[in-house]
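Bear in mind that the values here come from a model prediction, so they are computed numbers and not experimental data. Here is the naming used below: chain letters follow the sequence lines, and residue numbers restart at 1 for every chain.
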Amino acid sequence: MSREKLSKIVDEAINKAAQEGKLPPFKPPRISLERPKRKEHGDWATNIAIKLASQLKMNPHAVAEIIASFVDAPEDVLSSVEVAGQGFINFHLAPEFLREILFEIDERKEKFGSSGLGKGERVQIEFVSANPVGPLHIGHGRWAAFGDSLARVMEHAGYNVEREFYINDYGTQMRNFGESISARYLQLLKQKVEWPEGGYRGNYITEIAKRIISEHGESFKSLSDQERTNHFIEMEYPLMLESIKKTLDRVGVHFNAWTSERELYRSGEVNETLSFLEEKEDAYRNEGALWLRTSRYGDEKDRVLIRSNGEPTYFASDIAYHRNKMNRGFDRIIDIWGADHHGYVARMKAAMKAMGYDPEKLEVILGQLVKLYRGGEPVTMSKRTGDLITLDELLDEVGTDAARYFFLQRSNDSPLDFDIEFAKKESPENPVYYVQYAHARISSILRHAEEKGTDTERPSRREVELLNSEPEMDLMRKLAELEELVEFCAEKRAPHRLTTYAEELASSFHVFYRDCRVVTEDAPLTRARLFLVECTREVLRIVLRLLGVSAPERM
RNA sequence: GCCCCCGUAGCUCAAAUGGAUAGAGCGACUGCCUUCUAAGCAGUAGGUUGCAGGUUCGAGUCCUGCCGGGGGUACCA
């Protein structure tokens with residue numbers, strides 16, 4: 001029973017009651033249905049009677065009784081309709097109806113829970129987008145996990161999703177990168193150098209410099225600083241990008257498209273964009289710089305596009321980038337940024353308007369930052385300190401499954417405290433194992449059945465009726481929630497809710513496992529329970545897949 | 001100063017257009033393995049949802065003010 005169908009039934013009940021004069025005339029209200037927290041309140045509940053009562057100046061309980069008496073649904077769908085509390089109407093689904101979910105799962109397999117909500121809308125999600133000037137750190141890991149799971153859940157909800165990584169391979173950070181390598185290179189060759197302003201002090205820079213010396217010796221020493229820096233940038237950033245890709249591979253994140261900032265310059269798109277803005281007089285010169293009139297479009301002040309020294313800002317190429325994305329025909333583009341870019345949102349939306357695009361098509365999801373601790377002591381994530389905890393190191397310590405699950409447990413606008421020691425120590429207790437264990441247990445049951453040569457025929461509908469105990473019904477109810485959950489996670493951009501569901505489903509299974517032996521001498525019951533268990537495994541697999549976590553056969 | 005996010009059990013966090021008795025995990029304590037995996041199950045303890053008002057039949061959720069933490073407020077990215 002979907003929310004939609006049930007709300008139609010309630011709507012009909014209200015109209016019929018009104019037609020027969022049991023309710024005075026009223027303005028038709030919006031019917032809301034919710035999943036009650038408490039089991040005894042049924043599978044669905046509506047507060048419509050309470051809402052109507054104040055309009056009708058009637059007792060809510062009485063209104064509820066009238067509406068409930070007009071609810072017309074087959075008994076094998078709704079087993080009971082009750083009035084409770086201050087006037088809630090509670091609906092209990094019939095066991096026959098709940099059992100149908102098993103046949104649906106069996107038929108749709110890995111597509112179960114998917115829906116047409118997204119209507120094939122083309123959505124692009126851009127995330128991680130790290131500067132290729134150093135290894136990915138823990139914060140990137142959080143956005144990689146979040147962005148990828150959001151993409152997966154939106155795909156399951158019927159959106160056509162593309163994942164994109166924007167490579168910031170142009171400008172200040174790249175120069176800092178090259179200058180840092182150059183400085184380390186000269187230092188290793190015993191030359192005194194002034195440390196570059198904004199240089200990266202991370203150990204990986206020293207490693208790169210050492211490798212350059214071992215491969216090329218002192219051959220770059222004689223170059224001018226400028227030449228050497230440029231040379232090192234060109235040599236090293238592609239390698240850094242490769243290593244970033246490898247790390248993303250380890251967390252199971254695969255991008256469909258990689259767009260390069262320098263390519264936007266090379267192709268002339270940045271210039272085209274700026275000319276376009278100048279022509280429509282949204283850009284103007286002042287104090288030697290080129291400004292965008294963002295204040296005209298809702299930003300608090302105007303922003304610089306080209307500095308007085310002639311260099312474009314990051315903002316300039318970012319506008320060109322968003323124009324590029326919009327021209328690729330997406331219905332919606334989602335940018336996932338760290339919360340430290342919050343001040344940038346109004347600016348980018350203003351730029352969208354200036355470019356003539358609907359700013360509503362750009363959705364920015366801000367993620368609170370990850371704070372890193374080691375044994376209770378804060379660890380800075382600055383690339384400059386050299387005390388850098390990389391995503392690779394984290395993956396080495398806690399594993400991919402635990403890392404992804406951990407990152408996804410919290411809502412994106414809640415800051416994440418990540419204690420390395422704690423994650424390491426507690427990893428065997430991590431809820432991810434609880435969920436995976438349910439999957440492994442099911443696999444074990446199925447192996448056991450196979451070894452015993454048990455008949456694994458699909459049960460008939462009559463045999464499935466043997467599934468009628470409390471734990472069995474609860475488990476089926478949980479299975480039936482998946483589609484609704486997927487739609488919720490997709491619409492609210494809240495993949496973290498998948499983890500809660502996964503744990504609830506695992507819990508329902510573990511309870512079932514304790515109370516109901518699957519493989520027994522009773523052939524029909526065994527067939528029915530094996531069916532239930534296989535369906536549960538299918539749904540666990542789907543959820544784990546959406547989370548990007550593996551579903552082990554054994555643990 | 002102004003803008004955004006957060007404040008829920010000892011700890012880390014959930015909680016659907018505002019709903020009925022605010023939930024998990026970890027940690028603590030008590031039981032349960034001759035039977036498909038005990039990485040499990042059942043139970044106990046733990047709360048004035050930061051504070052004060054307001055709206056509502058009804059507030060963790062919405063509004064106002066305050067307190068505390070974080071972030072932003074660049075011709076950085």
Side-chain angles (χ1 to χ4, degrees), chain A residues 3 30 32-38 40-41 45-47 50-51 53-54 60 84-88 90 131 133 168 170-174 176 198 261 286-291 300-301 303-309 311-315 317-318 338-346 366-369 371 406 409-419 422 426 428-434 436-438 440-449 451-452 454 484-485 487-488 491-492 494 496-497 499-500 503-504 506-507 509-511 513-520 529-530 533 554-555:
Chain A
R3 183 181 298 244
R30 206 168 56 88
S32 77
L33 285 160
E34 61 193 59
R35 292 263 185 199
K37 280 183 193 150
R38 305 181 64 77
E40 57 268 33
H41 295 148
T46 181
N47 61 1
I50 304 172
K51 292 275 185 222
S54 64
Q86 305 97 308
F88 291 96
N90 297 332
N131 298 325
V133 297
N168 298 134
Y170 184 94
T172 319
Q173 299 306 321
M174 292 299 280
N176 290 344
E261 184 180 5
N286 188 26
E287 296 171 0
L290 183 69
W291 298 72
E300 52 188 21
K301 60 182 215 181
R303 308 290 177 176
V304 172
L305 294 167
I306 297 180
R307 287 175 271 233
S308 45
N309 68 7
E311 279 199 49
T313 60
Y314 179 78
F315 187 41
S317 55
D318 216 14
D340 53 342
H341 288 61
H342 148 255
Y344 202 74
V345 179
L366 293 177
Q368 291 295 315
L369 304 179
K371 266 182 287 173
F406 211 102
Q409 263 188 302
R410 294 147 176 74
S411 132
N412 61 286
D413 46 26
S414 185
L416 172 58
D417 287 348
F418 203 123
D419 192 312
F422 180 81
E426 298 299 323
E429 311 295 335
N430 192 300
V432 67
Y433 292 92
Y434 179 80
Q436 288 181 316
Y437 184 61
R441 251 184 169 175
I442 292 173
S443 304
S444 169
I445 294 171
L446 297 175
R447 276 195 303 272
H448 175 78
E451 281 160 20
K452 278 190 70 176
T454 311
E484 200 187 335
L485 175 85
E487 293 190 343
F488 175 82
E491 273 190 308
K492 299 282 181 188
H496 73 281
R497 290 289 296 278
T499 62
T500 314
E503 287 162 43
E504 287 166 1
S507 171
F509 169 73
H510 287 311
V511 171
Y513 178 87
R514 182 204 53 188
D515 290 347
C516 307
R517 197 178 162 81
V518 177
V519 181
T520 60
R529 286 189 172 160
L530 277 173
V533 151
R554 294 170 202 274
M555 286 173 77

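- In this entry B:rA16 has no Watson-Crick or G-U wobble partner, no candidate having both defining distances under 3.5 Å.
- Of the side-chain N and O atoms in A:Lys37, one or more sit less than 4.0 angstrom from OP1 or OP2 of B:rA20.
- Taking atom CZ of residue A:Phe488 and atom P of nucleotide B:rA14, one finds them 12 Å apart after rounding to whole Å.
- A close approach under 4.0 Å does occur between a side-chain nitrogen or oxygen of A:Arg497 and OP1 or OP2 of B:rA15.
- Base pairing annotation: B:rC66 forms a Watson-Crick or G-U wobble pair with B:rG50, both donor-acceptor distances under 3.5 Å.
- Base-pair partner of B:rA45: not found among the strands shown (Watson-Crick or G-U wobble, both distances under 3.5 Å).
- Residue-level contact check: A:Leu33 touches the bases, meaning some heavy atom is under 4.0 Å from a base atom.
- Taking for each of A:Ala449 and A:Val304 the nucleotide of RNA chain B with the nearest heavy atom, the 5'-most of the two is the partner of A:Ala449.
- Taking the syn range as angles within 90° of 0, the glycosidic angle of B:rC33 is syn.
- B:rA15 and B:rU8 have their P atoms separated by 14 Å, given to the nearest Å.
- Using a 5.5 Å limit on the distance between ring centres and a 30° limit on the angle between planes, the aromatic ring of A:His41 counts as stacked on the six-membered base ring of B:rA20.
- You cannot call A:Tyr437 stacked on the base of B:rG40; the centres under 5.5 Å and planes under 30° rule is not satisfied.
- Heavy-atom distances to RNA chain B give each of A:Arg517 and A:Gln409 a nearest nucleotide, and the one nearer the 5′ end belongs to A:Gln409.
- For the C1' atoms, the distance linking B:rA24 with B:rG47 amounts to 15 Å, nearest Å.
- At a threshold of 4.0 angstrom between heavy atoms, the contacts of A:Val519 include nucleobase atoms, whether or not backbone atoms are also involved.
- A:Lys51 comes within 4.0 angstrom of a nucleotide base, judged by non-hydrogen atoms across all strands.
- Counting non-hydrogen atoms under 4.0 angstrom, A:Arg38 reaches a base of the nucleic acid.
- Contacts of A:Tyr513 with the nucleic acid, taken as non-hydrogen atoms under 4.0 Å apart, include base atoms.
- Using a 4.0 Å cut-off, no side-chain N or O of A:Arg529 falls inside it from OP1 or OP2 of B:rC36.
- Scanning atom types as modelled, no donor and acceptor separated by under 3.5 angstrom connect the side chain of A:Glu300 and the base of B:rC2.
- Applying the 4.0 Å criterion to OP1 and OP2 of B:rC75, one finds that A:Ser308 has every side-chain N and O outside that range.
- Listed pair A:His510 / B:rC36 fails the phosphate criterion, with no side-chain N or O lying under 4.0 Å from OP1 or OP2.
- Using atom C1' as the reference point in both B:rC41 and B:rC36, the two lie 16 Å apart (nearest Å).
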